[in-house]
Participant: 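Following this message is one structure expressed as C-alpha cells.
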Amino acid sequence: MIAPDVGAHAPKRRRGLATRQRVLQVATQAIDEHGEAALRVEDVAQAAGVSVGTIYRYFGNREGLVVAVRAAQFLGALDEDLDQMERLIRSVSTPAEFVESLQRLTRAAGHPSRAPLRMQRIEIIGASRARPALARAIGEEQARITDRFAAILRRGQERGLIDPSLDPRSLAQFVLAFTLGQVLAEIDTSTPFDLDGWTTVAERFAAAVAARPEAG
C-alpha cells in the first residue's frame with residue numbers, strides 16, 4: 001500500500017535534489033571567485049533560477065548555505081577516491097595485486113595538482129573552530145567517509161586481501177590522516193615535495209597491511 005505512494009513522490013524528490021545541487025554549484029562558484037564574505041543569497045537565487053525562498057527552504061539561511069558549500073568543499077574528491085578503492089577491492093584477486101594497484105591510486109591521489117584541495121580542507125577545519133554549525137557539518141561528512149572507507153576495507157579483509165587482525169575503522173582513519181597530512185610535506189620550504197618517495201612509503205605501508213599468504 002505504501003510503495004506506490006513512495007514511487008509517485010520520487011520525481012519530486014529528484015527535482016528537489018537537482019535544485020539543491022544547482023544552488024550549491026552556483027554558491028560554490030561564487031565563493032571560489034569572490035570569497036565567502038561577498039556571497040549574496042539574492043545573486044545565488046538569480047543565477048540558479050530559483051527564488052530566495054527556495055534557498056531558505058533548503059538551507060535555512062545564508063549561513064546554512066555557506067556551511068553546505070564548505071562541507072562539500074571539505075569532502076573534495078574523497079567520494080571519487082573511495083569509488084576507485086571500491087573497484088580495486090572488487091577487481092584484484094591477491095594481496096600482491098592489491099598492493100600494486102593501491103600504489104597507482106596513491107600516486108594519483110597524492111599528485112601535486114590536488115594540493116589546493118588538501119589545503120582547502122585544512123582551511124575549512126580551521127574556520128570550523130569558531131563556527132559550530134560548520135564543525136558539525138564537516139564532522140558528519142568525515143564520519144560518513146570514514147564509515148564508508150571502513151566498509152570497503154572490511155570487504156578487502158573478507159576477500160583475503162588485507163590483514164584481518166586490523167580494525168578496519170582504525171585503518172581507515174589512519175589512511176585518511178596520512179593523505180591529509182601530505183599538506184605538511186607540501187608546505188615544507190626546505191625541499192620540493194617528492195611524490196616518488198611519498199608513494200614508495202605508501203607502498204611499503206600497503207605491503208605491511210596486506211594479508212599474508214598462508215603457509216602451504
Side-chain angles (χ1 to χ4, degrees), residues 17 21 24 70-125 128 135-188 191-216:
L17 289 173
Q21 186 59 32
L24 272 179
R70 290 307 195 191
Q73 290 176 325
F74 174 74
L75 283 177
L78 287 178
D79 271 314
E80 290 83 354
D81 290 344
L82 292 187
D83 287 343
Q84 294 187 56
M85 187 68 179
E86 207 159 20
R87 289 191 290 270
L88 185 160
I89 293 294
R90 288 198 305 264
S91 63
V92 302
S93 302
T94 67
E97 290 178 356
F98 167 73
V99 173
E100 182 181 354
S101 299
L102 192 60
Q103 183 185 28
R104 292 195 295 271
L105 289 187
T106 301
R107 177 171 288 274
H111 196 273
S113 63
R114 290 181 56 169
L117 290 178
R118 287 185 283 273
M119 183 58 73
Q120 185 175 60
R121 297 192 75 213
I122 295 293
E123 292 170 350
I124 292 171
I125 291 172
S128 73
R136 285 193 301 272
I138 67 174
E140 290 168 359
E141 292 293 356
Q142 185 62 45
R144 180 184 66 80
I145 285 293
T146 303
D147 289 343
R148 184 185 173 198
F149 194 11
I152 294 170
L153 295 174
R154 190 176 295 110
R155 285 195 290 275
Q157 291 174 320
E158 293 167 354
R159 295 203 62 217
L161 305 173
I162 300 171
D163 183 348
S165 70
L166 297 172
D167 174 62
R169 200 168 200 280
S170 296
L171 181 56
Q173 290 172 327
F174 185 91
V175 173
L176 291 169
F178 173 83
T179 304
L180 185 59
Q182 186 175 335
V183 168
L184 298 177
E186 290 167 334
I187 64 174
D188 182 352
T191 183
F193 175 69
D194 181 4
L195 180 59
D196 290 333
W198 185 266
T199 305
T200 297
V201 172
E203 181 186 16
R204 297 286 179 85
F205 171 76
V209 302
R212 295 286 180 267
E214 295 183 4

Participant: Are any non-hydrogen side-chain atoms of F174 and F205 less than 4.5 angstrom apart?
Facilitator: yes

Participant: P112 and L195: which non-hydrogen atoms are nearest, and at how many Å?
Facilitator: CD-CD2, 4.1 Å

Participant: What heavy-atom pair brings A185 and F193 nearest, and what distance separates the two atoms?
Facilitator: CB-CD1, 3.7 Å

Participant: Looking only at heavy atoms, what is the nearest atom pair of I187 and M119, with distance?
Facilitator: CG2-CE, 3.6 Å

Participant: Determine the minimum heavy-atom distance between A172 and A150, stating which atoms define it.
Facilitator: CB-N, 3.8 Å

Participant: Any heavy-atom pair between the side chains of D196 and R107 that's under 4.5 Å?
Facilitator: yes

Participant: Sub-3.5 Å donor-acceptor pair from the side chain of S101 to the main-chain atoms of F98, do we have one?
Facilitator: no

Participant: When you measure from the side chain of R70 to the backbone N and O of I124, does any donor-acceptor pair fall under 3.5 Å?
Facilitator: no

Participant: Compare all side-chain heavy atoms of M85 with those of L102 and state whether any distance is below 4.5 angstrom.
Facilitator: yes

Participant: With rounding to the nearest 0.5 angstrom, report the CG to CG distance, L171 to L166.
Facilitator: 6.0 Å

Participant: Nearest 0.5 Å, what's the CG-OG1 distance between L105 and T199?
Facilitator: 11.0 Å

Participant: Once salt bridge (Lys or Arg N to Asp or Glu O under 4.0 Å) is applied, what residue pairs with a partner in residues 81-96 remain, sequence neighbours excluded?
Facilitator: D81-R114, D83-R148, E86-R148, E86-R155

Participant: Tell me yes or no: between the side chains of R154 and Q157, is some donor less than 3.5 Å from an acceptor?
Facilitator: no

Participant: Do E203 and V99 have side-chain heavy atoms sitting under 4.5 Å apart?
Facilitator: yes

Participant: Which residues satisfy the side chain to side chain contact (heavy atoms under 4.5 Å, CB included) test with Q142, sequence neighbours excluded?
Facilitator: F74, R121, T146, L176

Participant: If you compare all heavy atoms of I138 against all heavy atoms of I125, which two are closest, and at what distance to 0.1 Å?
Facilitator: CD1-CA, 4.1 Å

Participant: As an exercise, state the distance from CG of D167 to CG of L153, rounded to the nearest 0.5 Å.
Facilitator: 10.0 Å

Participant: Which heavy-atom pair separates S93 from R159 by the least distance, and what is that distance?
Facilitator: CA-NH2, 4.3 Å

Participant: Output all residues satisfying side chain to side chain donor-acceptor pair (under 3.5 Å) with R144, sequence neighbours left out; order by chain, then residue number.
Facilitator: D79, E141

